[in-house]
Amino acid sequence: MPDDDDGDQTRELRGFWSGNIAFGLVSVPVSLFSASRAGGVSLRMVDEDGTPLQRRYFCSKEERLLESDEIVRGYEVDEDRFVVIEDDELEAISPDKSREIKLENFVGVSDIDPAYFERAYFLVPDEDGSRPYWLLARVMEETGRAGIATFVMRGKEYLVAIIAQHGILRAETLRFHDELRKPEQVGLPGIAKPDSKLVSSILRAMRKLRAKTLDEDSLTDEYSSRLEKLVQGKMRKGKDVVKAPDDIGPSERESAEIIDLMQVLKDRMRGKEKDSSASRTGEGAKTKRSTLDERSKEALYKRARALKIKGRSSMNKQQLIDAIRDEA
């Protein structure tokens with residue numbers, strides 16, 4: 001399920017989906033809010049000058065980057081065999097749009113295998129539906145029941161368990177049955193009769209570590225904390241701090257990506273072939289000079305980056321040409 005919570009407090013005040021919990025003659029208007037935030041520290045891929053890299057699709061057959069309108073979806077039916085699926089065909093089989101969370105049945109919360117739980121969301125009552133919301137939450141919590149429901153959002157149908165806890169309704173998205181592996185599929189052995197002495201030893205060890213409640217302060221990401229301290233320390237020292245070149249325009253930023261390595265290699269091979277041919281005819285310097293002069297600044301920058309020329313981010317086109325010639 002999509003998560004629209006990006007840490008912006010303004011966006012958190014609005015749910016990213018709204019509709020009704022519906023069963024029988026009951027209809028409770030609610031909004032959906034994410035109950036979690038993305039954790040950890042996010043690292044972006046950049047080149048050595050600090051230019052953010054992007055992923056692009058590369059055609060191995062034609063050896064070129066593809067534009068977005070050249071890309072279609074394919075369902076793999078066999079190795080290297082695909083059935084192409086068009087956007088209008090996907091739209092035709094998409095579930096009907098709906099603003100209802102349709103409760104289909106109620107089951108015991110303890111009867112749901114935790115392995116089915118995928119992601120948690122809060123269901124918040126709309127102003128005109130607070131009374132039935134609190135009533136439904138109270139009854140579900142007192143009976144220990146979870147409502148199994150389906151609903152459609154952004155063209156996709158989701159399976160959820162509606163659970164009441166501390167007077168609040170929560171929606172837990174569920175994995176589908178065929179998404180879970182069985183123990184025997186991962187090679188787990190059959191259950192054996194445990195040794196009584198080992199059982200007693202494990203029980204003693206567990207009693208020593210027993211806690212009355214879960215300490216939420218212990219649920220911290222120590223690695224992310226260490227990484228943040230590392231970053232802050234480098235910032236204070238001014239060490240390894242890079243900034244994307246100011247002279248790279250939007251089109252050049254879009255093309256600064258890892259996949260360009262293939263293009264750089266091809267350019268260098270073509271350059272070697274031209275240089276070799278020119279040297280045989282006594283016109284090597286002239287051909288090389290005209291080849292570089294005809295290149296765009298973007299292409300020259302890529303070449304300079306491949307040659308690891310220092311200070312290239314602040315060079316103009318002529319300076320890039322001169323630096324590449326000196327390096328070669």
Side-chain angles (χ1 to χ4, degrees), residues 1-3 5 21 23-24 32-43 75-79 95 101-123 136-153 156-229:
M1 184 184 290
D3 183 1
D5 182 2
I21 299 175
F23 66 100
L32 199 64
F33 292 75
S34 177
S36 62
R37 288 193 175 94
V41 177
S42 178
L43 297 177
Y75 182 95
E76 189 170 9
V77 294
D78 202 353
E79 186 175 357
I101 298 178
K102 301 176 182 178
L103 288 174
E104 298 172 353
N105 51 66
F106 290 88
V107 300
V109 175
S110 59
D111 292 334
I112 304 175
D113 188 335
Y116 281 104
F117 291 133
E118 190 170 34
R119 194 164 194 168
Y121 296 84
F122 288 125
L123 289 167
L136 178 61
R138 177 180 174 180
V139 173
M140 288 181 63
E141 187 167 6
E142 288 180 351
T143 59
R145 291 283 168 174
I148 306 300
T150 58
F151 79 106
V152 177
M153 181 170 64
K156 182 179 178 180
E157 187 173 60
Y158 293 92
L159 179 65
V160 295
I162 307 299
I163 297 172
Q165 189 176 38
H166 307 305
I168 297 173
L169 292 177
R170 193 175 71 243
E172 295 273 357
T173 54
L174 301 176
R175 295 180 175 88
F176 292 102
H177 180 68
D178 59 358
E179 292 181 292
L180 295 182
R181 291 190 175 97
K182 295 180 180 179
E184 55 268 22
Q185 290 177 314
V186 295
L188 286 173
I191 299 175
K193 185 177 180 180
D195 181 272
S196 58
K197 291 183 178 180
L198 289 176
V199 170
S200 299
S201 176
I202 292 174
L203 286 173
R204 286 194 299 271
M206 289 177 63
R207 278 195 290 268
K208 292 180 181 179
L209 300 175
R210 184 170 56 189
K212 293 183 178 180
T213 58
L214 177 65
D215 181 11
E216 294 185 356
D217 292 335
S218 66
L219 306 179
T220 56
D221 187 347
E222 296 294 340
Y223 172 77
S224 293
S225 298
R226 291 194 294 269
L227 182 55
E228 288 179 345
K229 290 180 180 178

Rounded to the nearest 0.5 Å, how far does CZ of Arg119 lie from CD of Glu172? 11.0 Å
Distance in Å, Tyr121 OH paired with Ser36 OG, rounded so as to fall on 0.5 Å steps: 6.5 Å
Please evaluate residues Leu169 and Ile163 with respect to the criterion side chain to side chain contact (heavy atoms under 4.5 Å, CB included), reporting the C-alpha separation (whole Å), side-chain torsions for both, the decisive distance (0.1 Å), and the verdict. CA-CA 6 Å; Leu169 292 177; Ile163 297 172; over 6 Å; no
Could you state the interatomic distance from CG (Asp111) to CZ (Arg145), rounded to the nearest 0.5 Å? 7.0 Å
Work out which heavy atom in Ala149 is nearest to a heavy atom in Ile101; give both atom names and the distance. CB-CG2, 3.5 Å
Mind listing the closest non-hydrogen atom pair of Gln165 and Arg170 along with its distance? OE1-NH1, 2.7 Å
Check Ala137 against Ala164 and note the closest heavy-atom contact, atom names and distance. O-CB, 3.3 Å
Should we count CG of Leu203 as having more than 12 external heavy atoms under 6.0 Å? yes
Heavy-atom side-chain proximity of Ile162 to Leu136 below 4.5 angstrom: no
Minimum heavy-atom distance Val199-Pro194, with the two atoms named: CG2-CB, 3.8 Å
For Phe122 and Ser34, work out which heavy atoms get closest and say how close. CD1-O, 4.3 Å
Hey, are the side chains of Tyr158 and Thr150 touching, using non-hydrogen atoms and a 4.5 Å cut-off? no
Interatomic spacing from CD1 in Ile112 to CZ in Phe117 - rounded to 0.5 Å: 4.5 Å
Hey, is CZ on Arg175 packed in by over 12 heavy atoms from elsewhere, all under 6.0 Å? yes
With a 4.5 Å cut-off on side-chain heavy atoms, are Leu32 and Leu123 touching? yes
Test log, rule side chain to side chain contact (heavy atoms under 4.5 Å, CB included), inputs Met140 and Phe106: CA-CA 9 Å; Met140 288 181 63; Phe106 290 88; 4.2 Å; yes
Under 4.5 Å between any side-chain heavy atoms of Glu104 and Phe23, yes or no? no
Would Arg226 and Glu222 count as a side chain to side chain contact (heavy atoms under 4.5 Å, CB included) here? Give the steps. CA-CA 6 Å; Arg226 291 194 294 269; Glu222 296 294 340; 3.6 Å; yes
Crowded around Glu216 CD? As in, over 12 foreign heavy atoms under 6.0 Å? no
